[in-house]
There are 2 protein chains.
Amino acid sequence: MAMNTDYARTLLKQHGLTITEPRVFVLSLLRKFDTPMSINDIMEKSKHTIALSTLYRVLADLSHAKIVTTFSSPNQKLLVELLDEEREHHHHLYCESCEKVFDVSLGEELEGMIEKLISKIGETHQIDIQEHSFEMYGSCNNTGQHSLRRN
Amino acid sequence: MAMNTDYARTLLKQHGLTITEPRVFVLSLLRKFDTPMSINDIMEKSKHTIALSTLYRVLADLSHAKIVTTFSSPNQKLLVELLDEEREHHHHLYCESCEKVFDVSLGEELEGMIEKLISKIGETHQIDIQEHSFEMYGSCNNTGQHSLRRN
DNA sequence: TTTAAGAATGGGAATCATTCTCATTTAATG
DNA sequence: CATTAAATGAGAATGATTCCCATTCTTAAA
Ligand SMILES: [Mn+2]
Ligand SMILES: [Mn+2]
Ligand SMILES: [Zn+2]
Ligand SMILES: [Zn+2]
C-alpha cells in the first residue's frame, strides 16, 4: 500500500503537480489494480470520500500531465489507465458480456504495417495523423447481456 | 431530391419499416450528403421541423434495421452514416482542426492480417470477437483548434 | 516553525446529451 | 373511409460532466 502511495507521490513530483490526497489516492488505486477503471469504479473504491467534481478535475489534471490516459468504452463510459513509460503502446479488447477490458498488443509486424499505412493515408488526405486506436468488441460465454453497448 | 426520397422510401419498405416523414427526411439527407452526420447537423438541415426526441428514435430504428450505423467522434458526438450493402467495411479518419470525418479503407492485405490477428487474440482471451474498429486522429493545417477533442 | 498566496477541494447548481412519458397524429390495411 | 397499431411532438426526467464559489490545503519563503 505504502508502496503505491510512494509511487504516486513520486510521479506527481516528477510531473510538477502538487501532492494532494485525491491525486495520490487515484494514482495508488490505478497502480494497485493495474487495469482501466471507470469513474464509478474509483468512486466506489474511495467510498465516496472524494467529491465527484474533484475526481473529474484530478483525472483531467493527470491526463494533461500525461500520467494517465482516458478513453471510452463502447457504452460511452470514461475509462482511465496509467500511462507509464514502460507501458507500451497497446489497444483494447472489450468483452461486452462480462464488461472487462483487456490490453492487447498487436505486435511489431502488424503495428509496423499500420504505421506505414497511416503515413500513406495521412499524405492522401493531407492530414498529419498523430494517433490511432484499434479496438475489438466481443463476448465471452458468460452471458449475452451486451451490457457495454448502448442502444 | 425526389431521387433521394425514392431511395429512402424503397429502403424503408425493403426493411419493413413504415414510411414516415422524419424517416424519409433523415435517409434522404444522409444520401444527399453521403458523409457521417451528427444529430445537430441533421436538426439544422431539417430546420428543426423534426422533434429532437423523434430524431433519436428514428436513428435508433434505422440503426436496428441496419440501414444506418452510428459511432462516436473523439468529442463523443454521435455520428450516423448510411450502411449500404455496396458500402464496404471501412474505418475513419478524424481531422481535429476542421472537424471532418473521412472514410478510409485499409485494403485487403492489411484487413486480412487484422482478421487473422483478431481470431488469434480471440482464442487467447477466450472471447468471440464480433467487431473491430480502427480510427485515426490528426489535423490538417487549417487551425490548431482540436475542436473534436474533449478535455 | 509560522505565514501568506495560490492551488485544490467539496458541495451543489448548471449544462448538455440522451431517454422517457403521454397525449395527439399518422400510416397501413381492408 | 374506418380501425388500429405505430410514430410523432413536446416537454419532463435522467445521467454524465462541467462550472462556481466559499473553504481548506500545499508549498515555499520568511
Ligand atoms: Mn490499456
Ligand atoms: Mn464511414
Ligand atoms: Zn467476458
Ligand atoms: Zn482538417
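Only a predicted model underlies this, so the values are computations on that prediction, with no experimental measurement involved. Numbered from 1 within each chain, the chains take letters A, B, ... in sequence-line order.
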Q: So, OP1 or OP2 of C:dA8: does either fall under 4.0 Å of a side-chain N or O from A:Thr18?
A: yes

Q: Decide if atom CD of B:Gln14 counts as having more than 12 heavy atoms of other residues, nucleotides or ligands within a radius under 6.0 Å.
A: yes

Q: Between A:Lys77 and A:Asp41, does any side-chain N to carboxylate O distance fall below 4.0 Å?
A: no

Q: Once you apply a heavy-atom cut-off of 4.0 Å, does A:Thr20 come out as touching a base, just sugar-phosphate, or nothing?
A: sugar-phosphate

Q: Please report the distance, rounded to the nearest Å, between CD1 in B:Ile19 and P in D:dT8.
A: 12 Å

Q: Closer to the 5' end of DNA chain C via nearest nucleotide, is it A:Leu55 or B:Ile39?
A: A:Leu55

Q: If you find the nucleotide of DNA chain D closest to B:Ser53 and the one closest to B:Arg23, which residue's nucleotide is nearer the 5' end?
A: B:Arg23

Q: Figure out the NZ/C1' separation between B:Lys13 and C:dA28, and round it to whole Å.
A: 12 Å

Q: Round to a whole Å and report the spacing from CD of A:Glu21 to C1' of C:dA7.
A: 16 Å

Q: Between A:His91 and A:His132, is the ring centroid distance below 6.0 Å?
A: yes

Q: Report the relative orientation of the aromatic rings in B:Phe102 and A:His125; use parallel for angles under 30°, tilted for 30 to 60°, perpendicular for over 60°.
A: tilted

Q: Separation of A:Leu78 atom CG from C:dA17 atom C1', in whole Å?
A: 16 Å

Q: Mind calculating the distance between CG (A:Leu12) and P (D:dC25) to the nearest angstrom?
A: 18 Å

Q: Between A:Thr54 and C:dG10, is there a side-chain N or O to OP1/OP2 distance below 4.0 Å?
A: yes

Q: Roughly, in whole Å, what's the span from CE in B:Met43 to C1' in C:dA17?
A: 13 Å

Q: May I ask you to say what B:Leu52 touches in the nucleic acid, namely base, sugar-phosphate or nothing, with a heavy-atom cut-off under 4.0 Å?
A: base

Q: Indicate whether OP1 or OP2 belonging to C:dT18 is found under 4.0 Å from a side-chain N or O atom of B:Tyr56.
A: yes

Q: Check the distance between D:dT17's P and A:Ile50's CD1 and give it to me in whole angstrom.
A: 16 Å

Q: Without decimals, in angstroms, what is the distance between A:Asp61 CG and C:dT9 C1'?
A: 11 Å

Q: Can you confirm whether more than 12 heavy atoms, excluding those of B:Glu108, are under 6.0 Å from its CD atom?
A: no

Q: Between B:Arg57 and D:dA7, is there a side-chain N or O to OP1/OP2 distance below 4.0 Å?
A: no

Q: Which part of the nucleic acid, if any, lies within contact of A:Ser38, taking any heavy atom under 4.0 Å across all strands shown: a base, the sugar-phosphate backbone alone, or nothing?
A: nothing

